[in-house]
Amino acid sequence: MTKRLTIMGATGSVGRSALSVVRHANDTAADPAFAIEALTANTDCEGLATLAIEYNARRAVIADPAQYATLKERLSGTGIEAMSGSDALADVAQLPVDRVLAAIVGIAGLKSTYAALAAGNSVALANKESMVCAGPLLSALSRKNGAAIVPTDSEHNAIFQVLERPEDVERLILTASGGPFLATPRTKLANVTPDQACAHPNWSMGRKISVDSASFMNKALELIEASYLFDFPEARIDVLVHPQSIIHSLVAYRDGSTLAQLGTPDMQTPIAHALSWPDRRTATNVKRLNLLDISQLSFQAVDDERFPAIRLARQALNVGPSASIMMNCANEVAVAAFLAGQCRFTDISSVVEEALGLDIAQTTGSGEEFSLSDVIALDQEGRHRCHELIEGLNARSRSEAQ
Ligand code: NAD
Ligand code: MG
C-alpha cells in the first residue's frame, strides 16, 4: 500500500534525505511506496517549488508570506496548490496522512508537530527541539489520540529499534561522535569560526545542528529528548563518545545483554525506518556497513570541563520542563549569534548556563500542566532575556579589552 507523507522542512538536510529515501523506494518497488501530500519550507521558494514538482506533491507551503506570489507563479499549471504563512504550516500538518515527518529546525517546528498529533497523524520526529520544549505535552497528546511519535533522530531511532520491554531495561546509552573539536584544547575553543564548527567529521547536516554537535549541545538536547521520548530518568541515560558514528546507540538489559543498532552514518537509514514502521523496512541505497574496512570502533568519556552541555542538560531535567525550554531557547539564541559573528563559540555554553540560573527557568516541576501557548510564551520571554545575556557578555569583553 502506498503511504502518504507530509514533510515539514523539506528543503533542509533531513527533508532532502527523506526525499532521497522516497525516490529510491518508488524507483525500486513495483507500486509506489510513498506519495507526497505536502512539502514545506521557510524561505527557499525555488528549492521548494523544484522539489514539489519533482515529487508530485499535492501542496507546497512557504512559511514566509512575502514569497507566496512567487511560489504561486512558479507552480502555476502544475496542479500543485501553493500556500504560505505559519498557520498554513499547521494546517497541512493536520491533513490526514500515514506519517508527517517533522524536520523543521528549532522550536519553530513545535506548532506543526503539535498540530499533526492533535489531528491524529503519527509523526516521524527529527525536530528534537519540539520534544525538548514540550515533551510531556506531546507525549500526552500522542497517547490521547493514538498518534505514534516515531523517533527519527539517529540515536533515538536506534534505541527505538532495539527497545523491547522497557521494564527490563537498566540503562540507555546514547553515542556521540564528539564533533570537530573532540581533540581541540580548551584554550583554542574560544576562537573557532562558524565554518570550522560546521565541518562535522561524519555527518552532513544543517548549520544549527552542526554547531550543536560541535558544542555537545546536540547530545545534551538528545539526552532530554530521550528522557521524554522513552520516559527514562536522566540518571539511567549515559552518553558515550564514539568518534566513528557506527553504533548509533545502545540499550542495556537486566540480564546483562546490551543491544545496539549499527550502520554507516547516513540519515536515510533512520528516516526510512521511521517512515515505514511498523511495516516492512524500506530498501535504501545507503553505503552498506563493512566492519572489516572500519576495523576498529573506539569509545571515550565526555569531557565535562571542555563541554559542559551534558551536565547542564542533566541539571535542566532535574529542575523541570521550564528549565528544558530555557536551555533550548538560550542555545538557539546563542547559536544564531555565534553563526552571525556576534559571540564566541564558548559563549554558547556560558549563555545556556546563565539562562538556567534565571527565575523563569525554575517555574515548573512536573510538565503536563503546560499548554502549547505556555511553552511558546516561556520561549518568547526566554529569548528576550537571552539576548540581554549576550549583550551583557559582549559589554564585559569590550570593557576587558580596553
Ligand atoms: P536544516 O537547517 O538543513 O533544514 C531546516 C528546514 O526547516 C528547512 O527546510 C527550512 O526551510 C525549515 N525551517 C527553518 N526555519 C523555519 C521556520 N522558522 N519556519 C518554518 N520552517 C523553517 O536543518 P536539518 O539539519 O535538516 O535539521 C532539521 C531538524 O532535524 C533539527 O531539529 C535537527 O536537530 C534534526 N536532526 C537533524 C539531523 C541531520 O542529520 N541534519 C539528524 C538528526 C536530527
Ligand atoms: Mg542525533
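What you see below is based on every heavy atom in this structure, not just the backbone, and it leaves out hydrogens, waters and symmetry mates. Source: prediction; values computed, not measured. Counting starts at 1 for both ligands and their atoms, following the listed order.
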Numbered atoms and elements of ligand 1 in range of [X], under 4.0 angstrom, heavy atoms:
{"X": "Gly12", "value": "1 (P), 3 (O), 4 (O), 8 (C), 9 (O), 26 (O)"}
{"X": "Asp153", "value": "43 (C), 44 (C)"}
{"X": "Ala108", "value": "17 (C), 18 (N)"}
{"X": "Ala10", "value": "9 (O)"}

Ring geometry between His273 and Phe160 (parallel below 30°, tilted from 30 to 60°, perpendicular above 60°): perpendicular
How about [X] and [Y]: does a side-chain donor come under 3.5 Å of a side-chain acceptor?
{"X": "Lys128", "Y": "Asn218", "result": "yes"}
{"X": "Glu155", "Y": "Thr175", "result": "no"}
{"X": "Glu222", "Y": "His156", "result": "no"}

query: Do Val105 and Asn127 come close enough that some side-chain heavy atom pair is under 4.5 Å?
result: no
- request: Without swapping roles, check the side chain of Ser276 against the backbone of Asp279 for a donor-acceptor pair under 3.5 Å.
  value: no
- prompt: Within the side chain of Asn121, is there an N or O that forms a donor-acceptor pair under 3.5 Å with the backbone of Asp98?
  reply: no
Can you tell me which residue and heavy atom of the protein come closest to [atom], and the distance to 0.1 Å?
{"atom": "atom 3 (O) of ligand 1", "value": "Ser13 N, 2.9 Å"}
{"atom": "atom 29 (C) of ligand 1", "value": "Ile104 O, 3.6 Å"}
{"atom": "atom 9 (O) of ligand 1", "value": "Thr11 OG1, 2.8 Å"}
{"atom": "atom 36 (N) of ligand 1", "value": "Ile209 CD1, 3.6 Å"}
{"atom": "atom 25 (O) of ligand 1", "value": "Gly206 N, 2.9 Å"}
{"atom": "atom 19 (N) of ligand 1", "value": "Asn42 OD1, 3.5 Å"}
{"atom": "atom 35 (C) of ligand 1", "value": "Ala126 O, 3.1 Å"}

Determine whether any heavy atom of [X] lies closer than 4.0 Å to an atom of ligand 1.
{"X": "Lys128", "value": "yes"}
{"X": "Ala41", "value": "yes"}
{"X": "Val105", "value": "yes"}
{"X": "Ser154", "value": "no"}
{"X": "Thr152", "value": "no"}

Between the side chains of [Y] and [X], is the shortest nitrogen-to-carboxylate-oxygen separation below 4.0 Å, so that they form an ion pair?
{"X": "Asp195", "Y": "Arg207", "value": "yes"}
{"X": "Glu167", "Y": "Arg254", "value": "no"}
{"X": "Arg171", "Y": "Asp238", "value": "yes"}
{"X": "Glu391", "Y": "Arg385", "value": "no"}
{"X": "Glu81", "Y": "Lys72", "value": "no"}
{"X": "Arg58", "Y": "Glu37", "value": "yes"}

- line: Checking distances from the Mg ion (ligand 2), one finds that the N, O or S atom of Glu222 closest to it is OE2
query: Does Val14 approach ligand 1 within less than 4.0 angstrom via side chain, backbone, both or neither, non-hydrogen atoms only?
result: both
- prompt: Heavy atom under 4.0 Å from ligand 1: found in Arg207's side chain, backbone, both, or neither?
  reply: neither
OD1 (Asp153) to the Mg ion (ligand 2) to OE1 (Glu155) angle, given to the nearest 10 degrees: 100°
For the 3.5 Å polar cut-off, considering only N or O atoms, please tell me whether [X] and ligand 1 meet it.
{"X": "Leu89", "result": "no"}
{"X": "Gly9", "result": "yes"}
{"X": "Glu129", "result": "yes"}

- line: Min over Ser86, Ala103, Gly106 of heavy-atom distance to atom 28 (C) of ligand 1 lands on Ala103
task: Determine the sole option in Asn56, Leu51, Ile7, Val97 for which the side-chain contact (heavy atoms from CB on, under 4.5 Å) test with Ile36 is passed.
output: Ile7
